[in-house]
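Notes follow the structure.
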Amino acid sequence: MSKARLYRGMRDFLPKIMIPRERILNEIRKIFQRWGYVPLETPAIELLSTLLGKYGEDADKLIYRLDHPDGLGLRYDLTVPLARVMSQYGQQLPRPFRRYQIQTVWRAERAQKQKGRFREFMQCDVDIVGTSSPVADAEILAISAEILKSLGLKNFKIVLNHREILRGLVHLAEFEEKDEMSVLRSLDKWEKIGEDGVKEELLSKNLDEGKIEKLLEMVSLSGGNWEIISFLEKYRDERILSGVSNIRQILQYVSSLGVGQDEIMFSPRMARGLDYYTGAIFETILPELPDMGSLTGGGRYDNLIGMFSGGEKIPACGTTIGIDRILSAMDELELIPEAHTNTKVLVAMFSEELATESLDFAQRLRKMGIETEVFPEPKKLGKQFAYADKWKIPYVVVIGEDEAKQGLCALKELSSGNQRIVKKDDAIRILLEVFKK
RNA sequence: GUGGGCGUAGCUCAACUGGCUAGAGCGUCGGACUGUGGAUCCGAAGGUCGGCGGUUCAAUCCCGCUCGCCCACCCCA
């Protein structure tokens with residue numbers, strides 16, 4: 001057993017994983033940019049005074065604290081850094097401010113690899129700061145949907161709910177305000193542990209059985225989105241009415257942004273764990289992979305950013321794209337093409353004397369945008385072909401003595417085994433055609 | 001942090017109730033094949049049997065401690 005090991009909850013990303021991972025990140029980045037979002041990066045290390053007290057007591061324990069006299073810790077998410085940035089540079093950033101941020105975060109919790117839980121993981125956040133318009137909520141939903149579609153995860157569903165509606169329901173069930181978040185956190189487990197499970201958990205929190213039953217009955221709604229929200233309106237609760245009217249607008253706008261009504265599922269049972277949401281909340285799931293959990297999750301949080309800005313109220317809305325969950329979902333659905341390397345062509349080295357022939361030709365291919373590598377030593381050709389085969393490099397070019405004399409090269413496609421002796425220019429033309437450069 | 005399970009080659013796993021030189025498959029490297037990969041055959045490298053201590057004539061196996069991994073609870077992406 002070697003002495004080297006990984007700290008629990010950390011991962012190495014070997015090339016085989018990194019290739020699809022980078023491809024997906026590039027795709028996500030492209031979509032963020034297409035919607036007009038601008039990139040932001042913030043440091044891994046923040047002052048503890050910035051980090052602490054923003055996520056709740058339990059979460060504070062999960063922040064990695066550095067052993068350093070300045071009082072430092074690793075960032076826990078990307079939303080608090082955004083709030084800090086808004087308070088420091090808010091004046092020079094015209095609003096609405098649309099930003100995306102793709103960086104790692106750290107949480108000192110018990111990691112369980114198989115459940116996709118790590119101590120270091122990447123978050124891809126998109127947020128729109130400075131507007132309370134439902135257009136913003138609709139836009140964030142549409143971006144989430146567009147990303148999943150573009151990655152081939154066509155069968156997703158967006159689960160939608162609203163914190164004001166939930167608060168109204170909890171109020172109608174006559175729970176005290178201080179129990180509100182605790183009740184919502186239990187309710188949120190409905191899909192996972194079922195109605196009985198939720199009831200059991202609420203009972204174990206010493207809450208009143210009558211109130212619990214009242215709440216569970218109110219949220220046991222099924223049917224179409226419009227049907228459910230129309231039904232909720234009948235409660236004539238001020239908060240519920242306000243939430244429903246907000247949801248109506250979002251549902252309407254989202255249609256114009258390329259999201260089908262059947263891709264959205266309004267559910268009065270989805271609550272999300274974080275305290276700071278104030279309006280619409282949403283997450284995306286794959287019905288075919290019910291155990292996978294949510295692939296993206298977010299909502300509106302109108303009070304969080306202001307915490308750093310001296311009480312000024314700054315509305316905001318955003319979501320996290322769970323890149324690691326998306327990757328494992330794609331993996332299970334076999335949507336990740338096998339790729340061992342990005343190299344398209346291996347130029348073999350025939351002999352020391354002909355080395356420059358290979359280098360020159362490889363350089364011509366690269367200038368045309370074809371990913372090319374040269375085998376660096378004149379090993380026997382069998383070894384060089386075996387190398388290409390092991391890395392699944394699709395083409396091998398050999399320039400041997402015979403070819404070199406006549407300005408030719410041997411171009412072999414490994415998948416078929418077909419080899420042609422052609423002029424170098426023709427080889428380049430063929431490769432450009434194949435890889436559509 | 002609490003409870004349960006498990007640590008043998010790079011990976012997946014063997015080795016009868018404690019016994020002689022700890023094995024196999026896959027992978028890696030080399031050869032059969034000095035102008036051509038996948039298949040086949042041959043060979044090689046690779047182990048302080050997680051670590052420390054104890055019991056024993058003798059420990060990969062039994063006991064104690066420790067470290068690590070996995071599962072459940074809690075919490076989340």
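Proteins get letters first, then strands, A, B, ... in listed order; numbering begins at 1 in each. None of the values given here were measured: they were computed from a predicted structure.
Rounded to whole Å, the distance from CD1 on Ile63(A) to P on C76(B) is 14 Å. With rounding to whole Å, Arg75(A) atom CZ is found 18 Å from C76(B) atom C1'. Between the NE2 atom of His340(A) and the C1' atom of G37(B) there is a distance of 14 Å, rounded to whole Å. Between Leu184(A) atom CG and C76(B) atom P the separation is 12 Å, expressed in whole Å. Atoms CD (Glu403(A)) and C1' (U36(B)) sit 11 Å apart, rounded to a whole Å. Taking atom CE of residue Met181(A) and atom C1' of nucleotide C75(B), one finds them 13 Å apart after rounding to whole Å. Asn418(A) has its CG atom 13 Å from the C1' atom of U36(B), to the nearest Å.
Which of A77(B), C69(B), G35(B) sits closest to the side chain of Ser294(A) comes down to A77(B). Closest to the side chain of Leu381(A), from the set G35(B), G37(B), C69(B), is G35(B). Here A77(B) is the nucleotide among U36(B), G38(B), A77(B) with the atom lying nearest to any side-chain atom of Gln123(A).
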Below 3.5 Å between N/O atoms, which protein atoms pair up with nucleotides 25-31 of chain B? Just atom names and distances, please.
| from | atom 1 | to | atom 2 | distance (Å) |
| --- | --- | --- | --- | --- |
| C29(B) | OP2 | Lys390(A) | NZ | 3.2 |
| G30(B) | OP1 | Lys379(A) | NZ | 3.4 |
| G31(B) | OP2 | Lys383(A) | NZ | 3.4 |

Between the protein and nucleotides 39-44 of chain B, list every N/O to N/O distance that falls short of 3.5 Å.
none

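Residue Lys392(A) places its NZ atom among more than 12 non-hydrogen atoms of other residues, nucleotides or ligands, all under 6.0 Å distant. For Glu401(A), the CD atom is loosely surrounded, since the number of other residues' heavy atoms within 6.0 Å does not exceed 12.
Between C76(B) and Arg325(A), no contact under 4.0 Å exists linking OP1 or OP2 to a side-chain N or O. Close to C75(B), at under 4.0 Å from its OP1 or OP2, lies no side-chain N or O of Arg185(A). For the OP1/OP2 pair of G37(B) and a distance below 4.0 Å, the side-chain nitrogens and oxygens of Lys392(A) include no atom meeting the criterion. Applying the 4.0 Å criterion to OP1 and OP2 of C76(B), one finds that Arg272(A) has every side-chain N and O outside that range.
In this model, no side-chain donor or acceptor of Gln384(A) finds a partner on the base of U36(B) within 3.5 Å. On a pure distance criterion of 3.5 Å, no polar donor-acceptor pair joins the side chain of Glu413(A) and the base of G37(B).
Here Arg107(A) lies in heavy-atom contact (under 4.0 Å) with a base. Within the nucleic acid shown, Asp402(A) comes within 4.0 Å of at least one base atom, counting heavy atoms only. Across all strands shown, Ala388(A) has no heavy atoms under 4.0 Å from either base or sugar-phosphate atoms. Using a 4.0 Å heavy-atom distance criterion, Gly297(A) is classed as making no nucleic acid contact.
Secondary-structure stems of RNA chain B, taken as three or more successive Watson-Crick or G-U wobble pairs (i with j, i+1 with j-1) under a 3.5 Å distance threshold, comprise B:1-7 with B:67-73, B:10-13 with B:23-26, B:28-32 with B:40-44, B:50-54 with B:62-66.
The structure places NE2 of His162(A) at 7.5 Å from OG1 of Thr278(A), a figure rounded to the nearest 0.5 Å.
Atom P of U8(B) sits at a distance of 6 Å from the matching atom of G50(B), rounded to the whole Å. With P as the reference atom, A22(B) and C49(B) are 10 Å apart, rounded to whole Å. Atom C1' of U55(B) sits at a distance of 27 Å from the matching atom of G4(B), rounded to the whole Å.
Under the 3.5 Å distance criterion, the side-chain polar atoms of Arg163(A) are matched with a main-chain donor or acceptor of Ala271(A).
Between Leu93(A) and Val129(A) the shortest side-chain heavy-atom distance does not fall below 4.5 Å.
Ring geometry, Phe32(A) versus Tyr37(A): the interplanar angle falls from 30° to 60°, so the pair is classed tilted.
Stacking is not found between Phe350(A) and the pyrimidine-like six-membered ring of the G35(B) base under the 5.5 Å centre-distance and 30° plane-angle cut-offs.
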